[in-house]
Amino acid sequence: MPGQWDDRGVPVYRDEAVVLRTHKLGEADRIVTMLTRQHGKVRAVAKGVRRTASKFGARLEPFMVADVQLWEGRTLDVITQAESLGSYGTLITDDYGSYTAASVMVETADRVTESEGSLQQYLLLVGALRSLSRREHAPTLTLDSYLLRALSVAGWAPTFTDCARCATVGPHHSIVVQLGGVVCDTCAPPGAPKVDAVTIGLLGALVEGDWPTAEAASESTRSKASGIVAAYAQWHLERGLRSLPHVSRESS
Amino acid sequence: MYEGIVQDLIDELGRLPGIGPKSAQRIAFHILQTQSFDVARLAEILTTVRERVKFCSICGNISEQDTCTICRDPRRDPALICVVEEAKDVVAIERTREFRGLYHVLGGAISPIDGIGPDDLSIRQLMQRLADGTVQEVIIATDPNLEGEATATYLSRLLTTLEIRVTRLASGLPVGGDLEYADEVTLGRAFEGRRSVS
Ligand SMILES: [Zn+2]
Ligand SMILES: [Zn+2]
């Protein structure tokens with residue numbers, strides 16, 4: 001919000017933010033990378049949070065959603081206040097599978113907003129973290145749905161119905177992640193892997209958020225779909241996602 | 001930019017954790033200008049510390065011998081193991097004089113976003129230490145932040161398969177903080193009030 005200053009004449013602004021990650025800074029501070037509702041991605045300093053017993057630090061842990069107030073700094077902004085809007089962190093870390101899924105989500109959100117953040121990416125991430133914290137679905141299903149949708153919003157929408165290359169009406173039986181999803185037999189390069197209809201159905205359900213269909217899928221189908229989603233994400237995000245190989249499929 | 005070797009010094013100092021370009025420059029000029037500063041001694045200590053200090057082959061704590069002073073001490077209770085992230089947490093807990101068991105230093109916390117999974121920590125070594133039935137209780141004292149809590153969740157799930165009491169330090173530690181900054185009284189109290197997680 002431009003045009004606001006505190007009583008010392010320092011420009012301040014306020015926004016809702018979800019914490020993507022933190023880095024230690026010096027002896028007691030942290031740099032907090034946040035995706036905000038209105039200001040895109042913001043990197044800001046939280047002073048003293050590693051040393052004090054205040055609630056401030058706990059509100060600025062990854063996966064937390066907070067109403068934050070910041071001072072505009074010359075290099076980095078400084079967080080002066082944080083009020084919790086959703087403490088998903090502890091709920092998520094109580095379940096290891098949810099923790100690994102949420103880690104991939106925040107890394108993805110960080111990467112797809114490299115140039116600029118968007119309200120859609122913000123809402124998508126907050127919704128997915130909230131769903132994880134409430135154990136609404138299996139963590140891997142929530143993650144795969146989030147990945148496909150975050151990539152779609154970023155401009156890499158996959159297709160699991162019509163041919164990704166020539167748009168011939170489906171159903172089709174081959175998936176080539178480099179081409180953007182399913183491809184018809186004419187467009188499929190020789191040796192392109194065939195994928196069964198149930199798995200393709202699950203992928204479509206994950207993009208659309210059709211949870212009854214997703215929940216009905218067997219573990220082996222879910223696992224095949226996850227492999228395709230992972231390949232799709234790693235292909236589109238240059239350098240890949242570091243957290244993705246650490247996703248735990250075991251439920252506790 | 002300074003010339004040659006002065007800039008090299010600033011660059012090397014700037015690689016150290018917590019030292020930004022300005023601090024690096026300040027330290028470099030202190031070394032250059034302060035006559036009383038014993039450069040030879042610092043250089044010698046740096047070399048010796050690298051040669052002499054290693055990690056304890058049992059618990060992963062820093063040590064000048066194959067095993068650390070705590071693992072070698074017969075007065076320590078071998079039935080209790082306190083699991084911490086780093087060697088500096090051992091120092092913080094020792095200060096409280098509240099704990100008389102042994103330690104296990106994981107070498108960090110599980111942090112997928114940094115590419116660190118369970119296999120990158122000394123969790124397998126911990127399981128080996130627990131195999132012979134000597135240990136009755138494992139106290140998980142990872143940092144009270146997100147990665148520390150997730151590591152505790154992972155460990156407690158893994159350890160429920162064994163017939164061992166697993167406890168976690170009581171809350172009251174500053175959330176989001178580092179264990180090494182917790183004061184002795186708070187940390188001592190956290191030990192007394194530890195709760196079972198399995
Ligand atoms: Zn085609
Ligand atoms: Zn030792």
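Side chains included, hydrogens not; waters and symmetry mates left out as well; all remaining heavy atoms used. First the proteins, then the strands, lettered A, B, ... as listed; each starts at 1.
Around atom CD1 of B:Ile62, no more than 12 heavy atoms belonging to other residues, nucleotides or ligands sit under 6.0 Å away. Within 6.0 Å of CG on B:Leu46 lie more than 12 heavy atoms contributed by other residues, nucleotides or ligands. Counting non-hydrogen atoms of other residues, nucleotides and ligands closer than 6.0 Å to CZ of B:Phe55 gives a total of 12 or fewer. Counting non-hydrogen atoms of other residues, nucleotides and ligands closer than 6.0 Å to CZ of B:Arg72 gives a total above 12. Atom CD of A:Glu219 has more than 12 neighbouring heavy atoms from other residues, nucleotides or ligands inside a 6.0 Å radius. Heavy-atom neighbours of A:Gln120 CD from other residues, nucleotides or ligands within 6.0 Å: at or below the threshold of 12.
Identified under the salt bridge (Lys or Arg N to Asp or Glu O under 4.0 Å) test for residues 143-158 of chain A, with sequence neighbours left out: none.
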Identify every side-chain donor-acceptor pair in residues 26-34 of chain B under 3.5 Å, counting partners at least two apart or on other chains, and give the distances.
from, atom 1, to, atom 2, distance (Å)
B:His30, ND1, B:Thr34, OG1, 3.2
B:Thr34, OG1, B:His30, O, 2.8

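Between chain B and the residues A:Thr22, A:Thr93, A:Leu244, A:Leu25, the largest count of heavy-atom pairs under 4.5 Å involves A:Thr93. Among A:Arg59, A:Lys24, A:Met64, A:Arg21, the residue making the largest number of heavy-atom pairs under 4.5 Å with chain B is A:Arg21.
Residue A:His246 forms a side-chain contact (heavy atoms from CB on, under 4.5 Å) with just one option from B:Asp114, B:Ile113, B:Asp120, and that option is B:Asp120.
Put simply, CZ on B:Arg157 and CG on A:Asp95 are 7.5 Å apart, with the number rounded to the nearest 0.5 Å.
In this structure, the portion of B:Ile116 lying under 4.5 Å from any heavy atom of chain A is its backbone and not its side chain. If you measure heavy-atom distances from B:Asp119 to chain A, you find no contacts under 4.5 Å at all.
Two residues are said to be in side-chain contact when any heavy atoms from C-beta on lie closer than 4.5 Å; A:Tyr99 and B:Pro112 meet this criterion. With contacts defined as side-chain heavy-atom distances shorter than 4.5 Å, the pair A:Tyr96/B:Pro118 qualifies. Here the side chains of B:Glu149 and A:Ile92 are not in contact, with every heavy-atom distance at 4.5 Å or above.
Residues of residues 227-237 of chain A lying under 4.5 angstrom from chain B, judged on non-hydrogen atoms, do not exist. Contacts of residues 105-113 of chain A with chain B at a heavy-atom distance below 4.5 Å involve A:Val106, A:Glu107, listed in sequence order.
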